[in-house]
Amino acid sequence: MSLHKTESHNTTLPDVVRLGGHDLERLDTRAPAQRPLRVLQATARYFPFTGGVETHVYEVARRLAERGMDVTVLSTDPTGKLPTNEQQDGVNVVRVRAWPNKEDLYMAPGLYDVIVNGGWDVVHCQGIHTLAAPLIMYAAWKAKIPFVVTFHTGGHSSPLRHAIRGIQWQILRPLLARADRLIGVSRFEADLFRTRLHLPGKKFRVIPNGSNLPRPEQPLPASGEEDTLIVSVGRLERYKGHQRVIAALPHLLEQRPDARLRIIGSGPYEDALRTQVQQLGLTDRVEIGAIASTDRGAMASAVSRASLAVLLSDYEAHPIAVMEALSLGVPMLVADTSGLSEIAEQGLATAIPLNSTPIQIAQAINEQLQNPAALHSLELPTWDACVSKLSAVYNAVARRSACVS
């Protein structure tokens with residue numbers, strides 16, 4: 001792989017090199033102790049795509065850059081329409097082509113060259129649920145670059161994909177065992193992988209997602225100016241459980257005729273959700289639509305107007321949507337499963353059984369609206385705390401790698 005200087009119109013960097021078809025900052029060959037740490041955040045999807053992992057990487061990458069690290073986000077583009085190189089908030093963003101463009105497998109051979117030849121001090125594999133993850137880990141191991149993995153596990157709408165998830169994790173075990181650190185976004189997630197894959201506990205760290213959205217851009221309406229708003233935030237997938245809230249709404253309207261539901265997200269289950277709304281005669285009571293992933297102010301404004309946020313998902317490790325709603329003082333009702341149970345155990349949300357009937361869900365929502373949880377004294381995780389812990393991990397594994405070298 002040859003390196004040669006080139007001009008780029010997609011980056012403001014003054015001095016770049018061409019690497020695997022991508023413009024990257026010219027490598028600084030000084031030891032890590034004498035220059036900013038070069039950290040690669042490698043993930044299957046990044047903004048403008050929406051989702052929990054995308055938000056996590058966005059929030060931590062820009063904060064790491066603000067703290068003086070040389071941060072690059074490496075991701076994929078199944079559309080072939082996004083910039084291959086750009087700068088966002090002090091972060092270099094590099095995208096490689098992924099296939100197939102209508103599936104979520106994210107097969108992207110171009111990841112390998114960027115990782116192996118980039119001169120990184122640490123590679124952080126963000127998410128293990130696609131074909132990008134084993135390639136990211138293998139490339140880092142092959143190049144003898146210390147690497148860290150955050151699992152970011154979630155559910156899946158495909159029964160087959162859900163059924164083979166345990167097998168998928170077992171296949172990844174040899175690579176996970178070579179990671180310098182394994183990070184769970186919740187105690188539930190860390191314990192799950194430690195026990196299921198029999199990996200040494202010393203490799204694990206628990207670093208929760210942050211919770212802070214910006215303050216709403218517009219003032220909240222005065223009491224009585226709006227109906228009772230309930231929000232359900234998350235990608236429009238069956239496993240996210242939006243359909244459960246829709247099914248409960250007719251029963252809730254019997255008790256609260258002013259209730260409205262806003263589902264915030266995008267995804268392949270949108271048509272099914274809209275069909276359900278029409279069949280139940282709820283078109284004037286339900287709004288479905290996405291908010292741009294980068295428009296954090298608009299998200300804050302939308303969620304802060306709610307009297308209650310609901311997430312009745314089949315599986316979540318540590319959902320950012322829950323943390324963000326709580327940070328705005330909006331009470332949460334969640335399904336009693338996976339990492340959502342842990343959040344409820346911490347007193348941050350109220351949990352109900354996943355198999356609750358529409359009538360039971362409506363009753364639980366109404367009870368929360370009548371007696372909302374007091375949130376003013378809660379101590380929530382922040383993105384700054386998350387970044388401080390990640391920085392400590394990166395510096396530790398980079399120092400150990402330098403000593404071994």
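Note that the numbering runs from 1 along the sequence shown for the chain.
With hydrogens and angles ignored, the 3.5 Å screen pairs no side-chain donor or acceptor of T350 with any backbone N or O of L333. Looking only at distances, a side-chain donor or acceptor of R205 sits under 3.5 Å from a matching main-chain atom of K202. Between the S75 side chain and the Y46 main chain, a donor and an acceptor come within less than 3.5 Å of each other. The backbone N or O of H198 sits less than 3.5 Å from a side-chain atom of R173, completing a donor-acceptor pair. A donor-acceptor pair under 3.5 Å is formed between the side chain of R97 and the backbone N or O of P78. Side-chain atoms of S301 never come within 3.5 Å of backbone atoms of G297 as a donor-acceptor pair (strictly under, hydrogens ignored). Checking side-chain atoms of R274 against main-chain N and O of E270 turns up no donor-acceptor pair under 3.5 Å. Side chain of T55 to main chain of G52: no donor-acceptor pair is present (N/O by atom type, distance under 3.5 Å, no hydrogens or angles). A donor-acceptor contact shorter than 3.5 Å links the side chain of K203 to the backbone of A177.
S388 is linked by a side chain to side chain donor-acceptor pair (under 3.5 Å) to R67, counting only residues two or more places apart in sequence or in another chain.
Closest non-hydrogen pair, V96 versus V114, comes out as CG1-CG2, 4.4 Å. Residues V330 and S304 share a closest heavy-atom pair of CG2-CA, 4.2 Å.
For the residue pair E324 and S211, no side-chain donor N or O sits within less than 3.5 Å of a side-chain acceptor on the partner. There is a side-chain donor-acceptor pair under 3.5 Å between S313 and E316. Looking only at atom types and distance, the side chain of Q243 has no donor-acceptor partner in the side chain of Q276 under 3.5 Å away. With hydrogens and angles left out, the side-chain atoms of Y315 and T153 include a donor and acceptor closer than 3.5 Å.
A salt bridge does not link R194 with E189: none of the charged nitrogens is closer than 4.0 Å to a carboxylate oxygen. Salt-bridge formation is not detected for the pair D121/R38: no Lys NZ or Arg NE/NH1/NH2 atom is positioned less than 4.0 Å from an Asp or Glu carboxylate oxygen. Salt bridge absent: D314 and K240 never bring a charged side-chain N and a carboxylate O closer than 4.0 Å.
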Test side chain to side chain contact (heavy atoms under 4.5 Å, CB included) on I352 and L312 and set out the steps.
CA-CA 9 Å; I352 60 174; L312 301 181; 4.2 Å; yes
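Once rounded to the nearest 0.5 Å, the distance linking CD1 of I361 with CG of N366 reads 13.5 Å. Between H56 atom NE2 and T150 atom OG1 the span is 5.5 Å, to the nearest 0.5 Å. Note that CG of L236 and OG of S266 are 6.0 Å apart. Values are rounded to the nearest 0.5 Å. Separating the OG1 atom in T76 from the CG atom in L131 is a distance of 10.5 Å, to the nearest 0.5 Å.
Sorted pairs that involve residues 72-81 and meet salt bridge (charged side-chain N to carboxylate O under 4.0 Å, His left out), not counting sequence neighbours, are lacking altogether.
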Please tabulate, one pair per line, all N/O donor-acceptor pairs under 3.5 Å involving side-chain atoms of residues 135-143, not counting sequence neighbours.
none

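Ring centers of H152 and H129: at least 6.0 Å apart, outside the cut-off. Ring pair H124/Y394: centre-to-centre distance below 6.0 Å.
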